[in-house]
Undergrad: 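Just passing along the structure, written as structure tokens.
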Amino acid sequence: MKNDIVWFDKKFMSINKATVPITTHAIHYGTSAFEGIRAYWNGENLYIFRLDNHIKRFKETLRYYNLKTQYSEKILKDAIINLCKKNKIKHSCYIRPVCFVGNHGIQLHIRGAPTHVCIFTLTFDDIFNKNGINMGISQWRKFSNKSTPMQAKMGGNYLNSIIATNDARSKNFDEALLLDMKGNVSEAPGENIFILKNNNLITPKISSALDGITKKTVFEIAKKMKLNVKHDTIAKRQLFTADEIFITGTATEIVPIISIDKRKISHGRIGIMTRKIMSRYMDITSNRDKKYSKWLTKVY
Ligand code: PMP
């Protein structure tokens with residue numbers, strides 16, 4: 001499992017050969033669209049989770065910026081499946097497709113600019129402690145949807161996430177929480193956030209957070225658990241009276257929040273409902289819960 005083969009513009013090659021010129025537009029301006037996808041090994045096969053949804057969002061990101069890739073959804077999906085095979089992946093892994101503007105001078109008008117796509121795989125387990133993490137509210141606010149489209153997973157958008165993460169880590173928090181321009185809860189640098197209060201499971205509206213694919217999965221799980229799930233504005237003060245809080249994302253999966261700004265959430269322990277949702281999520285991703293097999297793409 002070396003992940004040393006990548007897919008670059010329709011060719012499989014060694015990662016050392018997949019290089020770009022220094023004039024590449026994306027290096028200068030963050031003109032890259034990317035996705036984060038996960039595949040799960042359940043001891044028998046490797047399953048890519050919600051591949052269709054990720055590829056659709058990848059294509060949508062490009063459309064916000066009048067960018068195009070010559071590769072169809074089918075080509076990209078096959079590339080991902082075959083890349084997992086080439087790298088002989090038999091372990092849960094992360095898959096990163098990125099489409100970026102290549103040589104296009106220094107101009108800012110990018111309609112019709114040349115793009116390239118590369119895909120690589122990474123192997124890692126948990127990126128956060130699944131027993132719960134400490135979050136700090138960032139002094140940096142989530143960028144407004146009026147400044148740049150929030151639903152576009154463009155490289156440039158992530159500078160906001162990076163500065164908030166730097167800030168949180170320098171204060172010894174595990175993860176940052178960004179408020180939106182109005183001071184309401186937005187999301188974490190790379191995750192959606194949920195609060196549970198009584199039987200209500202709430203996450204911020206998509207006008208102030210990415211419409212996450214893990215979030216949508218959690219909606220399905222929580223509905224089956226008879227929780228009332230909804231998108232709503234979450235005021236900062238609601239965080240401190242919530243019964244449980246957790247974050248969701250493809251790489252992160254579901255991680256309980258046990259404190260925010262050093263104030264304990266659910267007595268500093270993983271909440272009962274959070275634990276149930278985490279366990280059902282794992283059942284789905286590893287194909288133990290066959291009702292959701294439709295979300296899994298078999299690799300081998
Ligand atoms: N918000 C942001 C800013 C993210 O980068 C991500 C990760 N893609 C998420 C939320 C979670 O989205 P998903 O569940 O689709 O990975």
Side-chain angles (χ1 to χ4, degrees), residues 30 32-40 48-62 64 80 92-99 119 122 124 126-128 133 135 137-138 140-145 147-168 175-181 184-195 201-222 229 231 234 245-255 257 277-278 280-282 284-285 292 295-297:
S32 59
F34 72 95
E35 264 307 315
I37 307 171
R38 244 194 203 251
Y40 290 87
I48 306 172
F49 190 54
R50 303 197 73 166
L51 180 59
D52 288 1
N53 301 89
H54 283 285
I55 295 299
K56 283 215 159 60
R57 188 170 66 184
F58 188 49
K59 288 269 187 172
E60 261 172 39
T61 293
L62 293 170
Y64 281 107
I80 287 172
S92 295
C93 79
Y94 182 82
I95 303 158
R96 164 59 56 85
V98 54
C99 176
I119 309 170
L122 290 172
F124 57 77
D126 294 344
I127 53 177
F128 287 116
I133 60 167
M135 204 173 210
I137 299 177
S138 179
W140 296 99
R141 293 280 168 100
K142 177 76 188 182
F143 60 83
S144 157
N145 231 341
S147 303
T148 187
M150 204 177 284
Q151 299 311 329
K153 272 184 79 71
M154 289 295 283
N157 277 0
Y158 280 79
L159 290 174
N160 184 221
S161 297
I162 285 168
I163 202 160
T165 303
N166 282 351
D167 181 34
E175 184 61 311
L177 172 60
L178 290 102
L179 302 178
D180 66 17
M181 291 299 176
N184 294 315
V185 174
S186 164
E187 60 181 338
E191 301 90 15
N192 290 112
I193 187 162
F194 281 86
I195 67 166
L201 187 64
I202 315 168
T203 192
K205 296 177 185 168
I206 59 165
S207 50
S208 68
L210 187 77
D211 193 13
I213 292 167
T214 320
K215 179 195 73 174
K216 290 183 197 167
T217 306
V218 165
F219 264 54
E220 297 292 314
I221 296 171
V229 277
H231 288 100
I234 302 176
I245 301 184
F246 58 85
I247 55 172
T248 65
T250 298
T252 299
E253 301 171 312
I254 302 168
V255 168
I257 302 300
I277 296 170
M278 288 167 77
R280 292 193 186 179
Y281 186 76
M282 276 161 54
I284 293 173
T285 55
Y292 298 95
W295 284 336
L296 303 173
T297 303

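Scope of the values below: all heavy atoms of this structure, side chains included, with no hydrogens, waters or symmetry mates. We count ligands from 1, going down the list as the structure has it; atoms in each ligand are counted the same way.
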Undergrad: Begin with the C-alpha distance, continue with both residues' side-chain angles, and end with the deciding distance and a verdict on side-chain contact (heavy atoms from CB on, under 4.5 Å) for Val185 and Leu177.
TA: CA-CA 8 Å; Val185 174; Leu177 172 60; 4.0 Å; yes

Undergrad: Donor-acceptor pair, distance only, cut-off 3.5 Å: does the side chain of Thr214 make one with the backbone of Thr250?
TA: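 Pair found, side chain donor or acceptor close to backbone of Thr250.
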
Undergrad: List ligand 1 atoms under 4.0 Å from Asn192, heavy atoms only on the residue side.
TA: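 Heavy-atom distances to Asn192 below 4.0 Å select 10 (C), 11 (C).
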
Undergrad: Which bit of Ala251 is near ligand 1, meaning a heavy atom under 4.0 Å away: side chain, backbone, both or neither?
TA: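 For Ala251, there is no contact with ligand 1 at all, from either part.
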
Undergrad: Indicate yes or no: does an N/O atom of Ile213 lie under 3.5 Å from an N/O atom of ligand 1?
TA: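 Right, the criterion is met.
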
Undergrad: List the closest protein heavy-atom neighbour of atom 12 (O) of ligand 1: residue, atom name, distance to the nearest 0.1 Å.
TA: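 Here the nearest protein heavy atom works out to Gly212 CA, 3.5 Å.
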
Undergrad: Of the protein's non-hydrogen atoms, which lies at the shortest distance from atom 5 (O) of ligand 1, and what is that distance?
TA: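 Ranked first by proximity to atom 5 (O) of ligand 1 is Tyr158 OH, 2.5 Å.
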
Undergrad: Based purely on interatomic distance, does Thr214 place a nitrogen or oxygen under 3.5 Å from a nitrogen or oxygen of ligand 1?
TA: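 Such a contact does occur with ligand 1.
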
Undergrad: Given 3.5 Å as the limit, does a donor-acceptor pair link the side chain of Arg96 with the main chain of Glu35, or not?
TA: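 Looks like yes, one N/O pair under 3.5 Å.
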
Undergrad: Classify the side-chain pair His231/Lys215 by whether it contains a donor and acceptor separated by less than 3.5 Å.
TA: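 Yes, Lys215 and His231 have a side-chain donor paired with an acceptor closer than 3.5 Å.
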
Undergrad: Between Ser138 and Asp167, is there a side-chain donor-acceptor contact under 3.5 Å, judged purely by atom types and distance?
TA: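 Side chains of Asp167 and Ser138: pair found under 3.5 Å.
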
Undergrad: Which option wins on minimum heavy-atom distance to atom 10 (C) of ligand 1: Lys215, Arg57, Glu187, Lys216?
TA: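 Of the listed residues, Glu187 has the closest heavy atom.
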
Undergrad: Using a 4.5 Å cut-off on heavy atoms from C-beta on, say whether the side chain of Lys142 contacts that of Asn160.
TA: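 They are in contact (side-chain heavy atoms under 4.5 Å apart), so the answer is yes.
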
Undergrad: Verify whether one side chain among Arg50 and Thr217 offers a donor that lies under 3.5 Å from an acceptor in the other.
TA: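 Side-chain D/A pair, Arg50 to Thr217: present.
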
Undergrad: Starting from atom 8 (N) of ligand 1, which protein heavy atom do you reach first, and at what distance in Å?
TA: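 Result: Lys153 NZ, 2.7 Å.
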
Undergrad: Counting only heavy atoms, tell me which of Thr248, Val218, Thr250, Ile254 gets closest to atom 16 (O) of ligand 1.
TA: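 Among Thr248, Val218, Thr250, Ile254, the closest heavy atom to atom 16 (O) of ligand 1 belongs to Thr250.
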
Undergrad: Does ligand 1 have an atom that lies less than 4.0 angstrom from a heavy atom of Glu35?
TA: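 Contact check Glu35 vs ligand 1: negative.
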
Undergrad: Could you tell me whether Tyr281 and Phe49 have their ring centroids closer than 6.0 angstrom?
TA: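 When the ring centroids of Tyr281 and Phe49 are compared, they turn out to be within the sub-6.0 Å range.
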
Undergrad: What protein heavy atom is closest to atom 3 (C) of ligand 1, reported as residue, atom name and distance in Å?
TA: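 Its nearest protein heavy-atom neighbour is Pro189 O, 3.4 Å.
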
Undergrad: What part of Leu210, side chain, backbone, both or neither, has a heavy atom within less than 4.0 angstrom of ligand 1?
TA: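 Near ligand 1, Leu210 shows its side chain, while the N, CA, C and O stay back.
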
Undergrad: Against ligand 1, does Gly190 come closer than 4.0 Å with any heavy atom?
TA: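 Gly190 counts as a contact of ligand 1 under the 4.0 Å cut-off.
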
